[in-house]
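See structure below.
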2 protein chains.
Amino acid sequence: MATIREVAALAGVSVATVSRLINRNGYVNKETERKIQQAIEELNYHPSSIARGLAGKRMDVVALVVPDISNPFFPELARAVEDLCLSRGYTLILCNSDNDREKELAYMKSLHRNSVAGFICASDSLLQEDLQELRQSGTPIVMLDRSGNADDCSIIRADNRKGAALAVQHLLDKGCRKIAHIYGPQSIVTARERLEGYEQIAQQYAWYTPSLLIPGDFRMESGIEAVQLLLERHPDVDGIFAGNDMMAIGALKGLIRQGIQVPEQIALCGFDGIGMTRMTEPELTTIAQPIGEMGRMAAEILIGKIESNGGENRFYELDVQLIERSSTSST
Amino acid sequence: MATIREVAALAGVSVATVSRLINRNGYVNKETERKIQQAIEELNYHPSSIARGLAGKRMDVVALVVPDISNPFFPELARAVEDLCLSRGYTLILCNSDNDREKELAYMKSLHRNSVAGFICASDSLLQEDLQELRQSGTPIVMLDRSGNADDCSIIRADNRKGAALAVQHLLDKGCRKIAHIYGPQSIVTARERLEGYEQIAQQYAWYTPSLLIPGDFRMESGIEAVQLLLERHPDVDGIFAGNDMMAIGALKGLIRQGIQVPEQIALCGFDGIGMTRMTEPELTTIAQPIGEMGRMAAEILIGKIESNGGENRFYELDVQLIERSSTSST
DNA sequence: TTGAAAGCGCTACCAC
DNA sequence: GTGGTAGCGCTTTCAA
């Protein structure tokens with residue numbers, strides 16, 4: 001691995017000049033530049049980020065912590081973040097916390113020691129105090145989706161309340177007269193907001209009763225179980241709004257298992273808009289978050305902060321969209 | 001962020017002593033140790049991996065490149081790798097190449113610049129020459145699953161041939177008399193091996209004909225299309241072995257769409273053993289690779305190489321297992 | 001058992 | 001325009 005000194009020697013200039021060229025600051029003679037470029041080629045020189053980091057220049061690694069990589073929503077989100085980072089010359093470290101505090105803290109420690117340039121948190125189980133160290137060292141932080149609110153950082157989230165309302169309204173439009181909601185963990189902000197959105201509409205109707213609310217944990221299995229419980233409680237439901245797509249997929253499976261026709265007997269709508277909703281039969285109607293845009297935006301804002309040393313913190317609430325498919329409308 | 005010098009000053013010793021203690025090499029007086037430990041606590045000191053890296057000590061970051069994060073097989077694999085790395089004090093950089101050469105090269109460049117300690121490749125589109133730089137710098141490399149063979153590194157793969165044979169045999173046992181195979185890209189070693197495994201058994205039968213081989217790209221959509229093509233060619237097939245679970249899921253969807261009963265009319269078997277095979281209705285029979293073990297093993301071998309400066313290179317072929325579910329056996 | 005000092009590869013400041 | 005050089009935080013001889 002060639003060093004800057006070797007390049008300088010080969011090009012017959014000083015390391016300072018090479019450094020200036022590489023970082024494109026300061027003046028460098030055209031002819032000198034050519035010679036240096038050639039030397040770089042010849043030695044196949046790549047500046048060491050390590051040394052660069054030590055020498056005070058900001059590093060080019062940013063981290064994204066997701067709570068559950070087995071939920072395709074997060075890989076999709078990660079892809080978007082990754083794409084933008086890569087195109088801007090940053091490398092992404094994808095950390096899967098699995099909602100495991102141990103892992104999370106191990107990651108925080110590692111990130112801190114490795115001096116990441118920026119940090120995107122999409123995990124709900126990371127506490128404010130855990131971010132303290134990073135924050136103290138001035139590392140820009142962006143909170144994405146589940147991670148909820150926090151001081152001193154920008155927050156990016158879809159309009160969960162509106163999306164939930166949209167879902168319920170859609171089910172009503174499709175003729176449903178008793179709509180249940182499988183809600184996610186109330187410790188998670190997105191789950192809370194979606195529940196609120198549901199209630200906002202549902203409570204206007206006579207059929208509404210709290211027992212239409214079934215708890216889930218955002219994972220597929222809980223969707224199956226929720227359906228079971230729901231059918232015992234309310235054999236006459238004709239619409240289900242699941243708090244996310246994974247639970248919706250589980251719910252669909254539960255319904256099919258019980259021999260229930262979807263959407264004829266019960267219509268079903270999810271939330272997230274992950275690709276997998278097109279995998280089921282029938283395909284799932286869902287409220288699509290702009291996943292790609294959220295990821296890109298998070299990365300962009302983060303990099304903006306890294307490169308400008310700060311910038312104002314805002315709360316971005318992105319719009320959602322109903323995607324109508326066969327789980328709510330029989331052809 | 002406290003430095004080693006501050007710790008040394010507070011403890012009233014030299015930086016060398018602190019360094020010795022931290023790295024647990026060389027002698028340190030009990031009493032001195034206590035004082036240093038206390039200083040470390042007090043300043044909440046974490047050694048900088050950056051500086052440590054520059055100073056010649058090996059870094060604690062390893063990278064895993066996967067070809068397609070939207071195939072749950074890879075997140076599952078990554079989780080296993082990640083867990084083991086974390087438990088051994090390493091941080092994992094998860095790189096999703098999307099089979100995109102641009103991205104791949106960008107990653108390789110970044111990894112090189114950041115001097116990763118080790119590298120696990122699970123991507124098929126990374127060429128030998130792309131690994132050249134890493135290899136030259138002495139970075140240990142492990143090839144996992146799709147990445148195929150390469151010199152100077154250990155290789156870990158499931159027994160794809162045997163798994164495929166197992167699948168076909170299982171379909172035969174279930175009474176199938178004409179079994180098709182949806183195969184993956186033949187540029188990928190695992191796809192080739194599975195095709196071979198299929199042929200090994202199928203060719204022994206009179207019903208076998210090359211037109212039972214339908215190409216796919218390991219993604220769900222291609223499973224749907226493959227089924228369509230297959231049914232045109234052979235309306236009388238009664239068994240399908242898909243080259244991986246994602247295509248199997250697609251195939252299932254295609255079959256259901258056409259109103260075909262699974263497994264009554266056509267039995268279906270996948271390959272990989274991803275969790276999602278339990279999400280469909282009917283659930284999918286599949287050949288399970290020991291995903292967790294593969295990931296852990298890859299990480300373990302890699303870390304072994306990192307810490308021992310090399311070690312012999314072996315080819316590990318892990319055993320697979322048939323998981324029988326309703327897509328091949330009607331209750 | 002401990003300390004002093006020479007780098008690791010690079011950036012940035014100050015002279016020339 | 002260009003070069004000399006002082007660190008960045010740490011590890012690692014080599015002496016003491």
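So you know, we letter chains A, B, ... as the sequences are listed, proteins then strands, and number each from 1.
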- request: Establish, yes or no, whether the cationic atom of Arg314(B) lies under 6.0 Å from the six-membered ring centre of Tyr316(B) and within 45° of the ring axis.
  value: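 Yes, cation above the ring, under 6.0 Å and within 45°.
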task: Please determine if Glu76(A) and Arg79(A) form a salt bridge, counting it only when a charged side-chain N lies under 4.0 Å from a carboxylate O.
output: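 Result for this pair is no, no salt bridge flagged.
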task: Using a strict cut-off of less than 4.0 Å between a Lys/Arg side-chain nitrogen and an Asp/Glu carboxylate oxygen, indicate whether Arg157(B) and Asp145(B) qualify as a salt bridge.
output: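 Asp145(B) and Arg157(B): not salt-bridged.
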field: Nucleotide range of DNA chain D lying under 4.0 Å from chain B heavy atoms
entry: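 So the outermost contacting nucleotides come out as dC8(D) to dT12(D).
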I need the [atom1]-[atom2] distance between [X] and [N], as an integer number of Å.
X	N	atom1	atom2	result
Leu54(B)	dC10(C)	CG	C1'	8 Å
Asn25(B)	dT2(C)	CG	P	13 Å
Tyr27(B)	dT2(C)	OH	C1'	13 Å
Ile4(B)	dA4(C)	CD1	C1'	14 Å
Ile40(A)	dG9(C)	CD1	P	16 Å
His46(A)	dC10(C)	NE2	C1'	16 Å

task: Would you mind classifying the nucleic acid contact of Val15(A) as base, sugar-phosphate or nothing, using non-hydrogen atoms under 4.0 angstrom?
output: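 Base contact.
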Polar contact flag, side-chain donor to acceptor under 3.5 angstrom, Glu104(A)-Ser123(A):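 Note: Glu104(A) and Ser123(A) side chains meet the donor-acceptor criterion.
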field: Tyr107(B) versus Glu82(A), side-chain donor and acceptor atoms under 3.5 Å
entry: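 Yes, a side-chain donor-acceptor pair sits under 3.5 Å.
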query: Taking all atoms of both residues into account, what is the closest heavy-atom pair of Pro67(B) and Ala122(B), and its distance?
result: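 Smallest heavy-atom distance, with atoms named: CD-O, 3.2 Å.
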query: Looking at the side chain of Arg5(A), which of dT11(C), dC8(C), dT2(C) is the nearest nucleotide?
result: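 Selected nucleotide: dC8(C).
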message: For a quick test of reading the model: is some side-chain N or O of Ser19(A) closer than 4.0 Å to OP1 or OP2 of dT11(C)?
response: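 For Ser19(A), the contact criterion (side-chain N or O under 4.0 Å from OP1 or OP2 of dT11(C)) is met.
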field: Under 3.5 Å donor-acceptor pair, Arg20(B) side-chain atoms to dG3(C) base atoms
entry: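 Counting by modelled atom types and ignoring angles, a donor-acceptor contact under 3.5 Å is found here.
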